[in-house]
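What follows is a set of notes on a single structure, which appears directly below.
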Amino acid sequence: MYAIVEMAGQQFKVAKDQKVFVHRLEAKEGEVLTFDNVLLIDNDGEILVGAPAVNGASVEAKVLKHLKGDKVIVFKKKRRKGYKVKNGHRQFLTEIVVENIIASGAKKSEKKEAKAVTKKTSKGDDLKKVEGIGPKAAEALVNAGIDTFEKLSKKSADEIKAILVAASSTLAHLEPGTWAEQAALAAAGKWDELKKWQDELNGGIAK
């Protein structure tokens, strides 16, 4: 039995007891998460295809540890422009192990007890209100599990930069140095103070 499921903005083909590396999750080691965006399940030849997700299906996985991936060199050059940029990047990852695949219509008693913690899905904040964050950057952050001002405020500039570079080379030029501080003001509801500061910024950078 296997399933195709979306986790942390990526799609994986998983089976029970399989270990998977996903983009960094906002969860503690040992925590059990439930991912309910299951696109397909193959149960011994009986295939269930979602539209887009399989109704009632889910995948339960336990967080083993947080780590960094191998170093990747991102090099950009423009001919006859004298433009060269070289950046190193190590993706923040979370290693998880699949504990259970629950097909559509499974009874509650068939699910693992006690340890199971369902991943909360709530409407996040509009990250584009942070100066320097456009639609693509906001999408990359949300896919990495950063969907609120509070979560963004707790990230360092290096962590945010790593997420952007991993999502797309077109986002590598963004400078998120002030994003966490802006997000902290937004999370606290200090919109007047944030607006005054943003008037002094250009793309999230001081003029």
Side-chain angles (χ1 to χ4, degrees), residues 4-12 20-27 33 35-39 50 52-53 66-79 81 83-94 96 119-191 194-195 197-207:
I4 296 178
V5 58
E6 182 177 317
M7 298 184 290
Q10 297 174 291
Q11 293 180 9
F12 296 91
V20 183
F21 292 96
V22 301
H23 289 318
R24 181 68 61 87
L25 299 172
E26 295 289 336
L33 302 176
F35 301 92
D36 53 14
N37 194 11
V38 179
L39 308 179
H66 300 296
L67 66 159
K68 285 186 178 182
D70 296 332
K71 189 171 185 179
V72 176
I73 301 298
V74 180
F75 182 75
K76 299 176 67 176
K77 178 181 178 180
K78 295 182 180 179
R79 294 179 60 193
K81 299 291 184 179
Y83 177 85
K84 293 181 181 180
V85 176
K86 181 179 180 181
N87 289 313
H89 168 67
R90 292 185 67 189
Q91 179 64 35
F92 291 91
L93 301 172
T94 297
I96 62 176
K119 185 179 181 181
K120 295 181 179 179
T121 55
S122 58
K123 186 176 181 181
D125 297 320
D126 184 3
L127 300 182
K128 298 190 297 297
K129 291 183 178 179
V130 171
E131 173 72 20
I133 298 182
K136 292 294 184 181
E139 181 181 358
L141 292 170
V142 171
N143 288 340
I146 305 173
D147 57 357
T148 65
F149 295 130
E150 183 178 359
K151 291 179 181 178
L152 181 58
S153 69
K154 295 178 181 179
K155 295 295 181 181
S156 67
D158 289 340
E159 289 177 312
I160 299 171
K161 185 76 170 182
I163 292 171
L164 298 175
V165 172
S168 173
S169 59
T170 61
L171 301 176
H173 69 285
L174 297 177
E175 295 297 336
T178 66
W179 291 7
E181 295 174 81
Q182 291 187 62
L185 291 175
K190 299 180 179 179
W191 297 106
L194 175 60
K195 180 63 170 61
W197 187 26
Q198 287 179 337
D199 289 340
E200 303 172 359
L201 300 176
N202 182 14
I205 307 172
K207 296 179 182 178

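The residues of the chain are indexed from 1 along the displayed sequence. Note that the coordinates shown come from a computational prediction; the quantities given were computed from them, not determined experimentally.
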Pairwise side-chain contact, [X] with [Y], heavy-atom cut-off 4.5 Å (strictly under):
| X | Y | value |
| --- | --- | --- |
| Phe12 | Val22 | yes |
| His23 | Gln10 | yes |
| Val74 | Val165 | yes |
| Trp191 | Leu185 | no |
| Gln182 | Trp197 | yes |

Interatomic distance, [X] atom [atom1] to [Y] atom [atom2] [nearest 0.5 angstrom]:
| X | Y | atom1 | atom2 | answer |
| --- | --- | --- | --- | --- |
| Thr94 | Met7 | OG1 | CE | 11.0 Å |
| Asp147 | Glu139 | CG | CD | 13.5 Å |
| Leu171 | Ile160 | CG | CD1 | 13.0 Å |
| Ser169 | His89 | OG | NE2 | 12.0 Å |

| field | Flag, side chain of Ser153 to backbone of Ala183, donor-acceptor distance under 3.5 Å | value | no
| query | Per the side-chain contact (heavy atoms from CB on, under 4.5 Å) rule, which among Leu141, Asp126, Leu174 passes with Ile133? | reply | Leu141
| Sidechain N-carboxylate O distance under 4.0 Å for Lys195, Glu131 | no
| said: Under a 4.0 Å threshold between the charged nitrogen and the carboxylate oxygen, would Lys161 count as salt-bridged to Glu175? | reply: yes
| task | Determine, step by step, whether Leu127 and Phe149 satisfy the side-chain contact (heavy atoms from CB on, under 4.5 Å) criterion, reporting the C-alpha distance in whole Å, the side-chain angles of both residues, the deciding distance to 0.1 Å, and the verdict. | result | CA-CA 7 Å; Leu127 300 182; Phe149 295 130; 4.1 Å; yes
Can you give me the closest heavy-atom contact between [X] and [Y], atom names plus distance?
| X | Y | value |
| --- | --- | --- |
| Ala157 | Gly177 | CB-CA, 4.0 Å |
| Ala27 | Leu33 | CB-CD1, 4.0 Å |
| Trp179 | Gly132 | CZ2-O, 3.2 Å |
| Gly88 | Ile73 | CA-CD1, 4.2 Å |

| field | Cation-pi, Tyr83 ring and Lys78 (6.0 angstrom, 45 degrees) | value | yes
